[in-house]
Protein chains: 2
Amino acid sequence: MATLAQHQHSPDDTIHGHGLRMTGQRRAVYDVLMGERNHPTAVEVFTKVRGQVPNISLATVYNCLETLTDCGLVKIVTHERGPSRYCPNLEEHAHFFCDSCGEVSDLPLRARKRPQDVWEVPENITISHHQVAFRGECPKCAKKKNLKSEARNLKSK
Amino acid sequence: MATLAQHQHSPDDTIHGHGLRMTGQRRAVYDVLMGERNHPTAVEVFTKVRGQVPNISLATVYNCLETLTDCGLVKIVTHERGPSRYCPNLEEHAHFFCDSCGEVSDLPLRARKRPQDVWEVPENITISHHQVAFRGECPKCAKKKNLKSEARNLKSK
DNA sequence: CACCTTATCAAGAACAATTCCTATTTAAGT
DNA sequence: ACTTAAATAGGAATTGTTCTTGATAAGGTG
């Protein structure tokens, strides 16, 4: 239901469809997420949103993020013990977390593939969601490290 | 390296290989994990372990779990905002979390399959780990629900 | 428009899971 | 036995998040 809504309606309509109001705070939080596509944490959203709504509280940001996820407008992304992050990309995708710089990026699902193709899911189990996280090193960080080790090699000569 | 170790050595040797000692506390924690294959939380391990080592502290259990994971003897499993769980199954596998009863079970990787087959991972990214979680309803809970709705149907006749 | 009802919000307290700190105990290596 | 480093118990501290409360605002109704 919510998934359909996003293709057809504005976020306002989606929220109204859930019997809720699109308040200034909710809009500001949503707009920050749509602007920042780097999976910000609640606190990061909070500081950004303060630019628009100067005296919004952190609790309200959490509330807004919760209602937005409940309405299906954003997805919540968790990783190990770190703080939750929020993501307005509603297409099916996995996440990649760079261990050195901490950046998070989206990895799209390949066409006509399903996670069940890779893991043995007993068929009497009903899957409603899946969350897939990869960890490793992003190209930027790999490059940095290479430069460093080159420098070391030059020095040791 | 740690992965190899588990096939060749006892946990003691693996720990020694990391320059650490196999203490009573560590062994007790490890034994609980090997016994309880249902992905216990730190607190659950703590209460079980107290049977063997009556005055072990929760902090020590956390420490032991950390060293065991560092040595590659157990894996840490996180799910949404819930507490971390620990798993001595070192084979590659995903996890299934039942939304109704909370049970966690292992889903093995299919032979000759890799997660990269399903998600588009740019090749200049190096993957070191992945964590895959499915959510849904386990067969037991599905059966229970069916019985309930049958009962309802009978009543309404 | 006045009134009622409910949703929403800010602020701070409370909470759960985990980590940190410190003094004490234990074990290994001389 | 002596020295040194590792490991532990216990409690305090931290982090991220949720809960509570009273105030505010916004729709809907007569």
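Lettering follows sequence order; numbering is per chain, from 1. Just so it is clear, the structure is predicted and the values come from calculations on it, not from any experiment.
Between the C1' atom of D:dT8 and the CD atom of B:Gln52 lies a distance of 18 Å, rounded to the nearest Å. In this structure, B:Arg50 atom CZ and D:dT8 atom C1' are separated by 13 Å, rounded to whole Å. A:Met22 places its CE atom 14 Å from the C1' atom of C:dT8, with the value rounded to the nearest Å. Per the geometry, NE2 belonging to B:His18 stands 16 Å off P belonging to D:dA6, to the nearest Å. Atom CD of B:Glu80 is separated from atom P of C:dA17 by 15 Å (rounded to the nearest Å). Between the CD1 atom of B:Ile15 and the C1' atom of D:dA6 there is a distance of 13 Å, rounded to whole Å. Per the geometry, NE2 belonging to A:His16 stands 14 Å off P belonging to C:dA7, to the nearest Å.
Look at B:Arg27 and B:Asp12 and you find a salt bridge, because one of the NZ, NE, NH1 or NH2 atoms lies within 4.0 Å of a carboxylate O, short of that distance.
Within the 3.5 Å criterion, the main-chain N or O of B:Ile56 finds no donor-acceptor partner in the side chain of B:Thr60. Of the possible polar contacts, one joining the B:Arg110 side chain to the A:Gln116 backbone as a donor-acceptor pair under 3.5 Å is found. At least one donor-acceptor pair under 3.5 Å links the side chain of B:His93 to the backbone N or O of B:Glu91. Under a 3.5 Å cut-off, the side chain of A:Thr126 and the backbone N or O of B:Gly136 do not form any donor-acceptor pair.
Nearest-nucleotide positions on DNA chain C place B:Pro83 closer to the 5' end than the other of B:Asn63 and B:Pro83. Residue order along DNA chain D, read from the 5' end via each residue's closest nucleotide, puts B:Leu58 first among B:Leu58 and A:Ala59.
Taking every side-chain heavy atom of B:Arg21 into account, C:dA28 is the closest of D:dT8, C:dT6, C:dA28. Distances were taken from every side-chain heavy atom of A:Arg81 (C-beta onward) to each of C:dT18, D:dT8, D:dT17; the shortest belongs to C:dT18. With C:dA10, D:dG16, D:dG10 as the choices, the nucleotide that has an atom nearest any side-chain atom of A:Thr60 turns out to be C:dA10. Closest contact between the side chain of B:Arg26 and the listed nucleotides D:dT17, D:dT8, C:dA10 involves D:dT8.
Side-chain nitrogen and oxygen atoms of A:Thr23 include at least one within less than 4.0 Å of the OP1 or OP2 phosphate oxygen of C:dC9. The side chain of B:Gln25 places no N or O atom within less than 4.0 Å of a non-bridging phosphate oxygen (OP1 or OP2) of C:dT26. Contact between the side-chain N/O atoms of B:Tyr62 and the OP1/OP2 oxygens of C:dT18 is found at a separation under 4.0 Å.
Among the atoms of the strands shown, only primed sugar atoms or phosphate atoms (P, OP1, OP2) are found under 4.0 Å from some heavy atom of A:Ser84.
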